[in-house]
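Computed over heavy atoms, backbone and side chain alike; hydrogens, waters and symmetry mates excluded. What you see is a predicted model, and the numbers here were worked out from it, not measured in a lab.
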Amino acid sequence: MIQELLTEKSIDAIFELFGAKLPAKDITIQRTISNFREQGDYSLVVFPLLKISKKSPEETANLIGKKIMESTPEIESFSVIKGFLNLKLRASFWISFLMGNYQAQRFGLNDNQVDETIVVEFSSPNTNKPLHLGHIRNNLLGFSVSKILQASGKKVVKVNLVNDRGIHICKSMLAWKLWGNNSTPASTGKKGDKLVGDYYVLFDKKLKEEIAGLKLKGLSEEESLAKSTLMSEARKLLVLWEQKEPATRELWAMMNGWVYDGFDSTYKSLGIDFDRIYYESDTYLLGKSIVEQGLQSGVLFRKEDNSVWIDLTDEGLDEKLLLRADGTSVYMTQDLGTAQLRYKDYHPDGFIYVVGNEQNYHFDVLKLVLKKVGKDWAEKIYHLSYGMVELPEGKMKSREGTVVDADDLVEEMISTAKEMTLELGKIDDFESEEAMELYRKVGLGALKYFILKVDPKKNMVFNPSESIDFNGNTGPFIQYTYARIKSVLRKAELKDIEFKRDIDLQQKEISLLILNYSFPQIVKQAAEEYSPSVIANYLFELAKEYNQFYHEHSILKEEDEQKRSFRLALSLFTSTNLLNGCELLGIEMPERM
RNA sequence: GGCCCUGUAGUUCAAUGGAUAGAACGGAAGUUUCCUAAACUUUAAAUAUAGGUUCGAUUCCUAUCGGGGCUACCA
């Protein structure tokens, strides 16, 4: 890459001039800010070098500039502005680069060189509730991060861990037994996950009523919960489940089956898939056995009531429960087993858990427990902790009915895309199936971009009362730019693109070319930071840059054959990078829109 | 109480310790005889407060004031 070259040349120049050999990390080469693009493409920041040069910023920059010029034929000129040495590269350098790459299908993507295996866990739903907006962020992030890691040369295994067992599931089961009248998705016409979710909510409602009754008799919240018939019935059901009591297992399998059908359809509509699905019902026993080992080795301890704990007070954390008094396992127990199984299955070089930041503590504990029971691979676990999706008034609350359902949102996005498209009236010649496909791409593109452009670490706000934009910094803007380029390319009939190295380039052409040039670095950065937002923001910039170029210069009507060809090649190259970049976000591109 | 995250235009988001803090939406004003106007151009508008480190701080440190999360025999 050119930045590395310029860094090297700077180091050499500084050494020759001032006698100090600096490490590359002390050299700052950055893209010249847009105001000074006429003077340079890249800039060296000279302030940190003044201690060595013992000269003024301007003088230092000039000396280095001259030296670099001498040794670097790629550089055409340099200028010095306020302690910044701006280096301008020759147009022929950029043109050669374009010649060599504009036809590449996968520029900047590293599909083959598998150097390590990474297991990425995401989605991880509970089977007692349908998926909502929070899950959408999780799914899109996990899927995109997987793609990005793949594109940076890693072998990725996408896994989903379904929380299919536990007290929460038993609550839905109990509610269905008590008040369900044998209703099924088929009998009610409801999506399976929605139906089961309804019974979970119903349980909650009935439990509240019962508790309220008990409180009237003077019991505290805690006492009421302990005395509640519904709660104790649910707990009994969990024990029965762990004892593999047939009727309980049968009901459990049936209701979970409904939920899986529902989830599958949501995943499909989001365009998400997995390589492997784990079920906690298969891993919790392994978790229990790890706990047993921990007890024997004395790392864990048992309290009088038979519950099992780990003491993490030395690490600044608390005591943490690993097995309940009745012997049933908790979330942590299951996660221990899941981690162990996953290690056994893949021996990966890294485990990434895409899980919300409200579980930061849980993952600190998980890693510590694994480490304490002697799993040295615990340090390979990375919790990709992302922020919550909030509404303008705060957290989504199921109690207040403000939870944004995943299926509803997808449907709404697609129908908005349809409205917008019909209003613009550009696709009157489309077959209805083709049109549907476009609405889907655009609607989902808007949703995915909206979610992924935000830094994963940060909380984000979604306002349901105003729909997600289709103009400006959005997915459809990028899709539109792509379709626009495709339209030009179709008209151009790209048979004989040939251009020479000595074309005069306009500033906008160079900027656009350099932006394309930096795509591989962007992919690398996104992979290092596990951040699709890096890609998203880049794509927006690229699309914007292209649109400006498009308005300033005509392509097909350019009379100079060389320039016309150059601009076509640049357009083709841009469209490839937009397409590939969007693929990393899971966004599909329409050829026309 | 303890621990963790966070505070940038009216709103939603950007900015490896570097130049005059970028965009988008919304507001104001423009551009279609011309390759797709879901576009482009112009314009007003922001780093919570107080210190510190540094040649240089939105970025790092401390304090204060806001916002959120965790601290469950829920997952």
Hey, would you say the Tyr353(A) and Tyr382(A) ring centroids sit under 6.0 Å apart?
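When the ring centroids of Tyr353(A) and Tyr382(A) are compared, they turn out to be at least 6.0 Å apart.
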Tell which nucleotide pairs with G66(B), taking only Watson-Crick or G-U wobble pairs whose two distances are both under 3.5 angstrom.
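With both distances under 3.5 Å, G66(B) matches U6(B).
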Looking at every strand, decide which applies to [X] at a 4.0 Å heavy-atom threshold: base, sugar-phosphate, or nothing.
X: Ile167(A); result: sugar-phosphate
X: Thr328(A); result: nothing
X: Glu541(A); result: nothing
X: Asp455(A); result: sugar-phosphate
X: Thr28(A); result: base
X: Arg592(A); result: base
X: Pro57(A); result: nothing

Does the distance from a Lys or Arg side-chain N to an Asp or Glu carboxylate O, for Glu319(A) and Lys303(A), drop under 4.0 Å?
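A salt bridge links Glu319(A) with Lys303(A).
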N-O pairing of Arg592(A) and Asp429(A) below 4.0 Å
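Looking at Asp429(A) together with Arg592(A), the answer is yes, because their closest N to O distance falls below 4.0 Å.
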Would one find a side-chain N or O of [X] under 4.0 angstrom from OP1 or OP2 of [N]?
X: Asn471(A); N: C25(B); result: no
X: Gln548(A); N: U41(B); result: yes
X: Lys82(A); N: G18(B); result: no
X: Arg235(A); N: C74(B); result: no
X: Lys426(A); N: A37(B); result: no
X: Arg165(A); N: A75(B); result: no

Roughly, in whole Å, what's the span from [atom1] in [X] to [atom2] in [N]?
X: Asn463(A); N: U12(B); atom1: CG; atom2: P; result: 9 Å
X: Tyr42(A); N: U16(B); atom1: OH; atom2: C1'; result: 15 Å
X: Glu315(A); N: G2(B); atom1: CD; atom2: C1'; result: 17 Å
X: Phe477(A); N: A37(B); atom1: CZ; atom2: C1'; result: 12 Å
X: Asn473(A); N: U12(B); atom1: CG; atom2: P; result: 15 Å
X: Ile485(A); N: C40(B); atom1: CD1; atom2: P; result: 13 Å
X: Gln479(A); N: U36(B); atom1: CD; atom2: C1'; result: 15 Å
X: Gln359(A); N: C4(B); atom1: CD; atom2: P; result: 19 Å

By a 5.5 angstrom centroid cut-off and a 30 degree plane limit, is there stacking between Phe47(A) and G18(B)?
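Yes, Phe47(A) stacks on the base of G18(B).
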Is any N or O donor-acceptor pair between the side chain of Ser43(A) and the base of A19(B) shorter than 3.5 Å?
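Answer yes: a donor N or O sits under 3.5 Å from an acceptor.
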[atom1] atom, [N] versus [M]: distance in rounded Å?
N: U8(B); M: C60(B); atom1: P; result: 15 Å
N: G2(B); M: U64(B); atom1: P; result: 11 Å
N: C25(B); M: U41(B); atom1: P; result: 11 Å

Worked check of salt bridge (Lys or Arg N to Asp or Glu O under 4.0 Å) between Lys288(A) and Glu242(A):
CA-CA 12 Å; Lys288(A) 280 185 164 183; Glu242(A) 291 211 4; 2.7 Å; yes
Position toward the 5' end of RNA chain B (nearest nucleotide), Ile33(A) or Asn126(A):
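Looking at the nearest nucleotide for each, Ile33(A) comes out on the 5' side.
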Between Ser385(A) and Asn360(A), is any side-chain donor less than 3.5 angstrom from a side-chain acceptor?
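Yes.
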Name the orientation of the base relative to the sugar in U32(B): syn if the glycosidic angle is within 90° of 0, else anti.
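It is syn.
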Classify the angle between the aromatic ring planes of Phe540(A) and Phe477(A) as parallel (below 30°), tilted (30 to 60°) or perpendicular (above 60°).
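Plane angle between 30° and 60°, so tilted.
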